[in-house]
Structures are given as C-alpha cells and as structure tokens.
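Worksheet for the structure shown next.
Residue indices begin at 1 and follow the sequence shown.
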Amino acid sequence: MTSRISDPEQPQISFFSSTQRLTKMTQESLLSTGIAQIRASHSVQRFSRECMHYLTDVGFRFFFPALGGLLYGYDIGGTSGATISLESATLSGTTWYNLNSLEIGLVVSGSLYGALIGSSLAFTVADYLGRRRELIFSSIVYFVGSLLTAMAPNFPVMVIGRLLFGIGIGLAMHAAPMYIAETSPSQIRGTLISLKEFFIVIGMLCGYISSSLFVDIVAGWRYIYAIGAPVCLVMGIGMWWLPPSPRWLLLCTVQGTVNISDVRTTAISCLCRLRGQAIDDTASEEIDAILHELSLDDQHKQATFYEIFQGKCLKALIIGVGLLFFQQVTGQPSVLYYAAKILQSAGFSAASDATRVSVLLGILKLLATGVAILAVDRLGRRPLLIGGVSGIAFSLFLLSLYYTILKDLPVVAVIALLLYVGSYQLSFGPIGWLMISEIFPLRIRGRGLSIAVLANFATNALVTFAFSPLQELVGAGILFAGFGVIALLSLVFIFLLVPETKGLTLEEIEAKIL
C-alpha cells in the first residue's frame, strides 16, 4: 500500500480546517462590510451636518433675493381675487368698474406683459448693473408698480402700475437665481435656488388668503395690491445690505473694467461675508480658482450677441431655454389656471368656491416643492426631472382619458390634477429655474439667462391665450393628450441633453459639462 508523502507547500484539507477557514473568511467579510456601512453612514452624517451648517449660516442671506419670487407668486394669487372685487358694482369703490373682457385681460395679464419687457431689458443691463443692483432696481420697480396699482384713480393708471410690477417680476426672476447660484456653496446650491420656487408658492398662498380676506370689502382690490409694497421695501433694503456677487466682480476684473488687485480683496471679503466662517479659510483658494477659469477661453473679452449662439454657449442656451420652454408647453399655465373648471366639470360642488380650491392646490404645491428642496442636493437634478416629468405625462394622458372615455368617473380628473401639480413641483417647477442659473458660462450668464426667462414668459403667455381657442377647436381630451405627447418629448430632451450638476461648482460645470 503506497503511503502518501506530505508536501509542506500543499495545504492539508480536512473538515475542521475548512470550517475554521470559512468561519474566518465570513468574519472578515462581515467586518469589512460593517466598516463600509459605518463609513457610508458617517459620510451621509457628515454631508448632512455640512448642509445644516451651511443652511444655518448662509440661508438667511438668501432670504432677500428669494422675496422677488414671493412677490411674483403673490401677484398670481392676489389678482384672482382682485379682479372679482374690481368688477363688482357694489364692492369696486370706483365709477369705472364696468370693464369689458379685454380690459380685465389687461389687468390679469398686465404683469405678464411687463415681465416680458423686464426680461428683455435684463439682456442689456444685467452685466452692467450686476446681480445685486438689478435686484435693488427690481424692488424699486415692484414698489412703484404696487402703489400705482393700489392707488389708481382710473383704468389707464392701473394698467401702467400692472406693467411696472411686471417689469419688476422680469428683472427679479432673472437676477435672483443668478445671484443665489453665484454666491451659494455648491453643496447646497440646489436647495437655496429651489427655495425661490418655494417662496413663489408661499406668495401664491398669501395672495389667495389675502383675496379671501379683502374680496368682500369695498375697494378690497386696493388693499390686495397694496400689501405687496412693504415686502418690496424689505427686499430692497435687504439687497442693499448684502454684498455683490464675487463672481460678477471678478468678471468685471478680467474684462478690464476695474483693477484686479483691488477687486480680488473685495471679492474674498464678499465671499466670506456671504458664507460666514464656513468658507473663511478657503475663500482665497476659491477666488483664485474662479480667476483661473476666467483667464481661459477668451473670458477677458465681453461676449458679443453672436457668440451666445456658438460653441458651449449655444449648448447651454439649448439646455436652459429648452427646460423653460417645456416647463410651459407641457400645459402648466392651462392646468393651473383652469383647475377650478376641471374640478367643476368633474362634478365637485366645492369647485364653485375658487378660493378654497386654489388654497388646497397651493398647499399641495408647497408640500411637493418642500420635498424637491430636501432631495435636490442628495438625489440630483436628473432623477427629479425624469421622475416628475414622467408623472406629468401620465397625469395629462389620464386627464385626456377622463374627457374622452371616463366621463362618468370624476375622481379620475381629481387624481390626475393632483398628480400633475405634485409632479410639476417636484421637477419643472424648481429644477427648471435651478438649471438655468447653473448651466450658463459666467461670461454670458446675464444675457443667456435673460433669453431663457424671456422664453419662459413668452411661452407662458402663448399657452395661456391659446388654451381656450384650442379647447373649443379640438376638445379638452385631445388637447390634454397633445400636452402629454409634448411631455414625452421633454423626457427625451432631458435624457439626451440635460446633464447632472449636483455637487459641482459653477466653474466645474463650465469646464467638464459644456
């Protein structure tokens, strides 16, 4: 019988040794997994602590530019009740209450026309004034427009007041996201810019509440419009207290309009003041990084009109304008403006009380926007856009089915309406404004953003005024299906063209994505 010779390098195999080795490997695997989970948990906790630290130190400073959004939202909500008061023979308090449909349209849409003028004006004055002074100027125009509207002795003066208020909207909606984007830390930039959308919704709710309080009072429309004036003053004084955007100061430096040695120190001081102690020790490095990026690619030259439509500027313009275009042509103005009619057609008696319906929808918008604010810097921009726009498309097709096939199921219309509002506030509502403030290169940011904002208000006006004629022509079912198809096209646009900008500085976005 042949004896087995042991090889010192040959592992001896036995049941016990295998079991011991397996146990040891399992323990090591569990230990490494546990360490990885602890590290991941610590990373999440560290990220949360940093975000909370930034929010507590930095958040208050962005309250004042966000007031521009609150005034915009208040105008939307307040005008719904002001027109009811203005048209009433007993409550108007005027001798010119008997307004025709065209004149009422001018009252309702006067601020929208003014916003078109304001966003066009921003194209030429934005880089000259800077973000901070543009916001101060918009607060002054807001204030004058608010008082003119509230104290109007006749209809023409009221229309002028509405146009001036609208110019303030156009300027504020252009400058506020830009100022916040250029001065906020990259870790919470999405949260802070999305807060502007949150303030718009809060403004709408305040407008609806103000309407319900004053709509039954003689000359109540004057009180509704006058309430906005003190907010304009707070916004103006707050922006006067805040420093200018360091990035705008450095842009002026590299383009030769001011001395670099003086402005670098001022920019560091502004950045420290805006961010508090959290950025104090690294402010010089960040300013130098911005200066380095500006020194590349002919940034020292002012952009011409034609350069906006070339190279990476064109790519940014397609992304920015495309997002705000799809934000409106997926039916947002129509669905919200006609929400009461949708509920009335669904057979809900509560829909006759437009104020209550609007307040309920406003609360839903507020909750959904709050979710987006909490998630945008953790999940990213693309997941919220893709998920939200998918919900928009589904809800629009559901509305189409209600008006064509499911007319006996009014609950379908209500579910579709609520789903649309929630999905919009998770996606296009806050993320559209966030992306346009991030995506444009600094050199053309002022002009590029003005084009995007102009496209937003122009498309809003087009969809609003085209809805009723199209509804009469093809019917609500086909019209909402058409909006649904456009929502699917916007999904394709997002998949193919819209990048993820979470966690990147504005200079990194320009260098790596465009």
* **Option passing ring pair (Phe, Tyr, Trp, His ring centres under 6.0 Å) with Phe326 (candidates Phe483, Phe493, Tyr424)** => Phe493
* Are Arg133 and Trp240 in a cation-pi contact, defined as NZ or CZ under 6.0 Å from the six-membered ring centre and within 45° of the axis? -> no
* Would you find more than 12 non-hydrogen atoms of other residues, nucleotides or ligands less than 6.0 Å from Phe394 atom CZ? -> no
Locate the shortest heavy-atom distance separating [X] from [Y]; write the atom from each residue and the value.
| X | Y | answer |
| --- | --- | --- |
| Ala175 | Arg131 | CB-O, 3.9 Å |
| Ser146 | Gly228 | OG-C, 4.0 Å |
| Gln425 | Val201 | NE2-CG2, 3.8 Å |
| Gly145 | Leu164 | CA-CB, 3.8 Å |
| Arg189 | Leu434 | O-CD1, 4.2 Å |
| Leu323 | Met435 | CD1-CB, 3.5 Å |

Is the side chain of [X] donor-acceptor paired with the backbone N or O of [Y] at a distance under 3.5 Å, no angle test?
| X | Y | value |
| --- | --- | --- |
| Thr124 | Leu121 | yes |
| Ser211 | Gly207 | yes |
| His174 | Leu454 | no |
| Glu500 | Arg382 | yes |
| Ser88 | Ser85 | no |
| Ser400 | Gly477 | yes |
| Arg132 | Leu242 | yes |
| Thr83 | Thr79 | yes |

Non-hydrogen side-chain atoms of [X] and [Y] separated by less than 4.5 Å:
| X | Y | value |
| --- | --- | --- |
| Met178 | Phe440 | no |
| Leu67 | Ser139 | no |
| Cys232 | Leu147 | no |
| Ile200 | Met173 | yes |
| Arg381 | Val498 | no |
| Asp75 | Phe165 | yes |
| Pro430 | Val376 | no |
| Glu182 | Leu506 | yes |

* Asked: Looking at the rings of Phe199 and Tyr72, which for Trp means the six-membered one, are their centres under 6.0 Å apart?
  -> no
Value rounded to 0.5 Å, distance of [atom1] in [X] from [atom2] in [Y]:
| X | Y | atom1 | atom2 | result |
| --- | --- | --- | --- | --- |
| Thr183 | Trp248 | OG1 | CH2 | 14.0 Å |
| Ile169 | Tyr142 | CD1 | OH | 5.0 Å |
| Glu510 | Thr505 | CD | OG1 | 9.5 Å |
| Leu116 | Tyr113 | CG | OH | 9.0 Å |
| Leu86 | Ile104 | CG | CD1 | 5.5 Å |
| Asp377 | Ile193 | CG | CD1 | 9.0 Å |

* To do: Tell me, with the steps shown, if Leu249 and Cys270 meet side chain to side chain contact (heavy atoms under 4.5 Å, CB included).
  => CA-CA 10 Å; Leu249 288 174; Cys270 290; 4.0 Å; yes
* Consider only side-chain N and O atoms of Gln328 and Thr459, and report whether a donor and an acceptor are under 3.5 Å apart. => no
* Can you label the angle between the Tyr223 ring and the Phe214 ring as parallel, tilted or perpendicular, going by 30° and 60°? => parallel
* Report the relative orientation of the aromatic rings in Tyr225 and Trp221; use parallel for angles under 30°, tilted for 30 to 60°, perpendicular for over 60°. => perpendicular
* Kindly indicate, with the supporting measurements, whether the criterion side chain to side chain contact (heavy atoms under 4.5 Å, CB included) is fulfilled by Val453 and Trp433. => CA-CA 9 Å; Val453 173; Trp433 291 103; 3.8 Å; yes
* Asked: Passes side chain to side chain contact (heavy atoms under 4.5 Å, CB included), Tyr402 versus Phe480? Steps please.
  -> CA-CA 10 Å; Tyr402 166 73; Phe480 282 120; over 6 Å; no
* **Residues Gln471, Tyr403; criterion side chain to side chain contact (heavy atoms under 4.5 Å, CB included); working and verdict** => CA-CA 11 Å; Gln471 185 182 26; Tyr403 280 106; 5.6 Å; no
